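Heads up: the structure comes next, in structure tokens.
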2 protein chains.
Amino acid sequence: MYICLMYSSELIKGTLKTVILKLLTDTKQMYGYEITQKVKELTNAKIVITEGALYPLLHQLEAEGVVTTETVNIGKRIRKYYTLTHTGNERAKEKIYEFADFIQTMNILLDLKPSI
Amino acid sequence: MYICLMYSSELIKGTLKTVILKLLTDTKQMYGYEITQKVKELTNAKIVITEGALYPLLHQLEAEGVVTTETVNIGKRIRKYYTLTHTGNERAKEKIYEFADFIQTMNILLDLKPSI
DNA sequence: GCTTATACATAATTTTCTTATGTATATTTG
DNA sequence: CAAATATACATAAGAAAATTATGTATAAGC
């Protein structure tokens with residue numbers, strides 16, 4: 001899923017969608033490369049999203065109507081900004097809630113302290 | 001990964017190994033079916049391990065020297081008990097620590113409360 | 001001018017499951 | 001007591017979701 005310097009890649013599988021939806025909830029408009037950099041920054045490079053994972057997922061989210069896109073010219077280069085639709089906002093909330101709940105379950109299963 | 005009534009399967013991918021190692025850390029000797037039931041019980045059936053996911057992984061762990069097995073006859077049926085090796089104990093600690101750390105990172109990323 | 005960063009995209013492959021199938025015994029329930 | 005469910009193992013085909021590799025191109029820093 002990601003190039004990951006800290007976590008075994010298997011651990012992080014399936015969280016990419018949730019992470020993207022969360023970032024778009026907070027920032028409203030982001031482009032792909034920006035997302036990779038933000039995640040890298042917020043996680044101290046413990047999670048680094050690869051392009052091969054990111055772009056296909058963004059395209060999928062667009063096809064599902066979760067996000068809309070706007071292409072902007074920056075000099076001679078392009079940026080493709082992604083914005084959550086109404087459906088996307090709902091999806092984001094669901095995904096984040098689901099993950100929070102999942103963490104709770106895993107805390108019980110692994111006998112971890114609530115805040116670790 | 002699992003038949004999962006509550007969580008989207010993608011979310012749980014990669015956690016099976018950690019869960020198994022944790023259970024074997026606590027109980028020392030478990031057999032496959034017992035593991036599936038224990039996880040079901042501890043998670044209120046939010047996570048249900050399928051046999052297709054479990055047995056190949058157990059075989060893999062044995063091949064890696066993480067667990068040893070002992071086959072026991074129960075009437076005319078067999079049970080294959082799994083026990084962590086020394087290496088397995090170390091691996092278990094690593095995996096559990098890694099997951100705990102991962103949860104911390106995800107909490108920051110998703111802006112969740114420490115104990116949710 | 002060369003290297004790194006920015007910025008997109010896709011294809012081949014691998015990993016890791018899900019789903020399906022197979023075999024067989026033990027227990028519960030109607 | 002017959003049928004359904006539970007116990008208990010195993011493997012194979014297929015799907016999902018990544019990794020890795022490759023491709024194109026501009027901008028910035030040294």
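Everything numeric here is computed off the predicted structure, so don't read it as measured data. Protein chains get the first letters and strands the later ones, always in sequence-line order, with residue 1 at the start of each.
Residue B:Gln37 contributes atom CD, which lies 9 Å from atom C1' of D:dA6 at whole-angstrom precision. At whole-Å resolution of the value, CD1 in A:Ile49 and C1' in D:dT20 are 17 Å apart. Note: NZ (B:Lys17) to C1' (C:dT15) measures 11 Å, nearest angstrom. As rounded to whole Å, 15 Å separates atom C1' of D:dT11 from atom CD of B:Gln60. Atom-to-atom, OH of B:Tyr31 to P of D:dA10 comes out at 14 Å; the value is rounded to the nearest Å.
Residue B:Tyr81 comes nearest to B:Arg79 through the heavy atom pair OH-NH1, 3.1 Å, listed as atom of the first residue, atom of the second, then distance. For B:Leu58 against B:Val67, the heavy-atom pair with the smallest separation is O-CG2, 4.2 Å.
The shortest side-chain heavy-atom distance between A:Ile35 and A:Lys38 does not fall under the 4.5 Å cut-off. Looking at heavy atoms from C-beta onward, A:Met106 lies in side-chain contact with A:Phe102 at the 4.5 angstrom threshold.
Considering only side-chain N and O atoms, B:Tyr55 lies nowhere under 4.0 angstrom from the phosphate OP1 or OP2 of D:dA10. Using a 4.0 Å cut-off, no side-chain N or O of A:His59 falls inside it from OP1 or OP2 of C:dC8. Under 4.0 angstrom from either OP1 or OP2 of D:dC9 there lies no side-chain N or O belonging to B:Tyr33.
Checking C:dA9, D:dT11, D:dA17 against the side-chain heavy atoms of A:Glu51 singles out C:dA9 as nearest. Between D:dT7, C:dA5, C:dA9, one nucleotide has an atom nearer to the side chain of A:Lys80 than all others, and that is C:dA9.
For the pair A:Thr105 (side chain) and B:Thr43 (backbone), a donor-acceptor distance under 3.5 Å is absent.
Exactly one residue among A:Val19, A:Leu21, A:Thr15 makes a side-chain contact (heavy atoms from CB on, under 4.5 Å) with A:Lys17. That residue is A:Leu21.
Within residues 65-76 of chain B, the residues having any heavy atom closer than 4.0 Å to DNA chain C are, in order of number, B:Gly75, B:Lys76.
For the pair A:Tyr82 and B:Arg77, nearest-nucleotide mapping onto DNA chain C gives the more 5' position to A:Tyr82.
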